[in-house]
> 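Below is a structure I'd like to ask you about.
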Amino acid sequence: MGEVTDQIVEVVLKALAGGVFVLAFAALAEMLTPKRLAGVFCAAPSVALASLIVTAGIAGIPDVLASARGMWIGAAGFVLYCLVAAPLLGRWGAWWGALAALAVWGATVAAGYALAPAGLLALPAAAVPASLSRPGTPELPPPPAPEP
Amino acid sequence: MRLRIGELRRPPPRDWVVRFAFGAGVSALAGAVSVLAGPRAGGLFLAFPAILLASVTLIAKEEGVRQAGQDVWGATFGALGLIGFAVVVTTTVVVWPLWLSLTVATLAWAAVSLTLYAAATRLRR
């Protein structure tokens, strides 16, 4: 029961932080001239910043690392989404064009998630300080001593 | 490029509420996926194009499909910057303090997306 409550609190905190960060980037885009830069800010890392900060506070740095690795795939899908959406908007209109492009994003991230190695851009284990490992993570047994 | 604080008064309050709701919704979705399927799966949704989707449909309604296409064109460079953001976090978060890693990643996003946007705009003319 306690674990479920913690998970709900985590999702709610991420939602609140995400809303605040999206507002902050939207305000920046609103203040910025020239206005044609607004499109760039539609792909600002607002949700990522909010989510990673809350993740670091609750789950620790190893989960931030895993989330960032997943974000690689999501961002590659986002680039494809934009490349596909631009011609589809003209052909099928805003709603259908944007929704069809969203299907492309979904297919890309599903394929990327299944095929990309989980340790993409992983640092060697020795580079991760022991103090950053998640609480409750079982310790690995020491390597066997070399035979004389 | 210039910042004009007075521009903040231009959008109606309803627009700010909609933006907050979209940000909160996408973040809740990423959080829920992370809880149910693990942080790597949740990470996919840190680059979910929901904010762009909302913006494009609103702009198409108010200013036309052509202007919405311009926003999508700009967002392509923002999305390329998001790859840079994720690369910086992945390579630095275990060796630098979190605040430094996220600050440098955000600066990398801005540098990649705005530089590529400026270069592409110049080539397009």
Side-chain angles (χ1 to χ4, degrees), chain A residues 7 10-11 14-16 18-19 21-23 26-27 30-33 37-40 42-52 56 61 63-76 78-79 81-83 85-86 89-90 94-95 98 102 105 109 113 118 121 123 127-128 132, chain B residues 1-5 7-8 11 16 19-20 22-24 26-28 30-32 35 39-49 51-53 55-57 60 65 68-80 82-83 85-86 89-91 93-95 98 102 106 109 113-114 117:
Chain A
Q7 289 171 342
E10 182 178 345
V11 172
K14 282 182 178 175
L16 291 174
F21 271 85
V22 166
L23 273 189
E30 217 39 76
M31 288 190 289
L32 207 63
T33 50
L37 286 172
V40 176
C42 286
S46 42
V47 170
L49 279 169
S51 192
L52 293 177
I61 296 298
D63 277 20
V64 173
L65 188 59
S67 298
R69 286 191 192 130
M71 191 184 165
W72 268 66
I73 302 165
F78 201 150
V79 175
Y81 171 94
C82 293
L83 294 175
L89 288 179
W95 265 108
L102 198 60
W105 179 86
V109 298
Y113 186 75
L121 260 188
L123 287 175
V128 183
L132 295 178
Chain B
M1 253 187 343
R2 256 189 261 163
L3 283 177
R4 290 181 183 162
I5 293 173
E7 291 290 313
L8 288 177
W16 295 107
R19 283 163 169 164
F20 180 87
F22 258 92
V26 177
S27 303
V35 162
R40 187 165 167 259
L44 300 172
F45 289 85
L46 300 186
F48 183 60
I51 311 282
L52 177 62
L53 186 78
S55 173
V56 160
T57 47
V65 171
Q70 284 293 317
D71 263 33
V72 171
W73 192 70
T76 311
F77 304 101
L80 286 166
L82 282 182
I83 298 177
F85 178 96
V89 173
T90 310
T91 51
V93 77
V94 294
V95 284
L98 181 72
L102 293 182
T106 307
W109 168 79
S113 52
L114 294 177
Y117 180 83

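Per chain, numbering begins at 1; letters A, B, ... match sequence-line order. All values reported here derive from a predicted model rather than from experimental measurement.
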> How far does CG of A/Leu32 sit from CG of B/Leu114, to the nearest 0.5 angstrom?
8.0 Å

> Heavy atoms only: give me the nearest A/Cys82-B/Leu52 pair and the separation to one decimal.
SG-CD2, 3.9 Å

> With side chain to side chain contact (heavy atoms under 4.5 Å, CB included) as the test, would you mind laying out the steps for A/Leu52 and B/Phe85 before giving the verdict?
CA-CA 12 Å; A/Leu52 293 177; B/Phe85 178 96; 3.9 Å; yes

> What part of B/Tyr117 is in contact with chain A, defined as an atom under 4.5 angstrom from a non-hydrogen atom: side chain, backbone, both or neither?
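For B/Tyr117, the contact with chain A is made by the side chain alone.
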
> Measure across A/Gly18 and B/Ser27 and return the closest heavy-atom pair with its distance rounded to 0.1 Å.
CA-OG, 3.0 Å

> Counting only N and O atoms by type, is there a donor-acceptor contact under 3.5 Å from the side chain of A/Trp72 to the main-chain atoms of B/Gly43?
no

> At a heavy-atom separation under 4.5 Å, does A/Tyr81 approach chain B through its side chain, its backbone, both, or neither?
side chain

> Is there a side-chain contact between A/Leu102 and B/Phe48, using heavy atoms and a 4.5 Å cut-off?
yes

> Output the option from A/Ala66, A/Ala94, A/Ala76 having the highest count of non-hydrogen pairs under 4.5 Å with chain B.
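Most heavy-atom pairs within the cutoff with chain B belong to A/Ala66.
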
> Which atoms form the tightest heavy-atom contact between B/Leu82 and A/Met71, and what is the distance?
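So the minimum-distance heavy-atom pair works out to CD2-CE, 3.8 Å.
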
> When only pairs under 4.5 Å are counted, which of A/Ser67, A/Cys42, A/Ala86, A/Ala26 shares the most heavy-atom pairs with chain B?
A/Ser67

> Closest heavy-atom contact between B/Ala79 and A/Ala43?
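Heavy atoms only, the tightest pair is N-CB, 3.5 Å.
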
> In terms of heavy-atom proximity below 4.5 Å to chain A, should B/Trp73 be classed as side chain, backbone, both, or neither?
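B/Trp73 has no heavy atom closer than 4.5 Å to chain A.
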
> What part of B/Leu98 gets within 4.5 angstrom of chain A, counting heavy atoms only: side chain, backbone, both, or neither?
side chain

> Side-chain contact test, heavy atoms from C-beta onward, threshold under 4.5 Å: evaluate it for A/Val22 versus B/Phe22 and give yes or no.
no

> Where does B/Ser55 contact chain A at under 4.5 Å (heavy atoms): side chain, backbone, both or neither?
side chain

> Is A/Val40 close to chain B through its backbone or its side chain, or both, or neither, when contacts mean heavy atoms under 4.5 Å?
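It is both, since atoms from each part get that close.
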
> Quick one: closest heavy-atom pair of A/Trp105 and B/Ala47, and the distance?
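Nearest pair, atom of A/Trp105 first, then B/Ala47: NE1-O, 3.3 Å.
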
> Please flag which part of A/Glu30 lies under 4.5 Å from any non-hydrogen atom of chain B: side chain, backbone, both or neither.
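Both backbone and side chain.
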
> Just so I understand: if I count every heavy-atom pair under 4.5 Å between each of B/Val56, B/Leu102, B/Ile51 and chain A, which residue has the most?
B/Leu102

> Quick one: which of B/Ile83, B/Val89, B/Val65, B/Leu80 has the most heavy-atom pairs under 4.5 Å with chain A, could you say?
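Max contact count across the listed options: B/Ile83.
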
> Output the option from A/Val109, A/Val64, A/Leu16, A/Leu49 having the highest count of non-hydrogen pairs under 4.5 Å with chain B.
A/Leu49

> Could you tell me which non-hydrogen atom of B/Ala28 sits nearest to which non-hydrogen atom of A/Ala15, and how far apart they are?
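Closest heavy-atom pair between B/Ala28 and A/Ala15: CB-CB, 3.9 Å.
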
> Counting heavy-atom pairs closer than 4.5 Å to chain A, which one of B/Ala60, B/Gly78, B/Ala32, B/Pro49 comes out on top?
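That would be B/Pro49.
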
> Heavy-atom pairs under 4.5 Å with chain B - which of A/Ala27, A/Ala56, A/Ser46 has more of them than the others?
A/Ala27

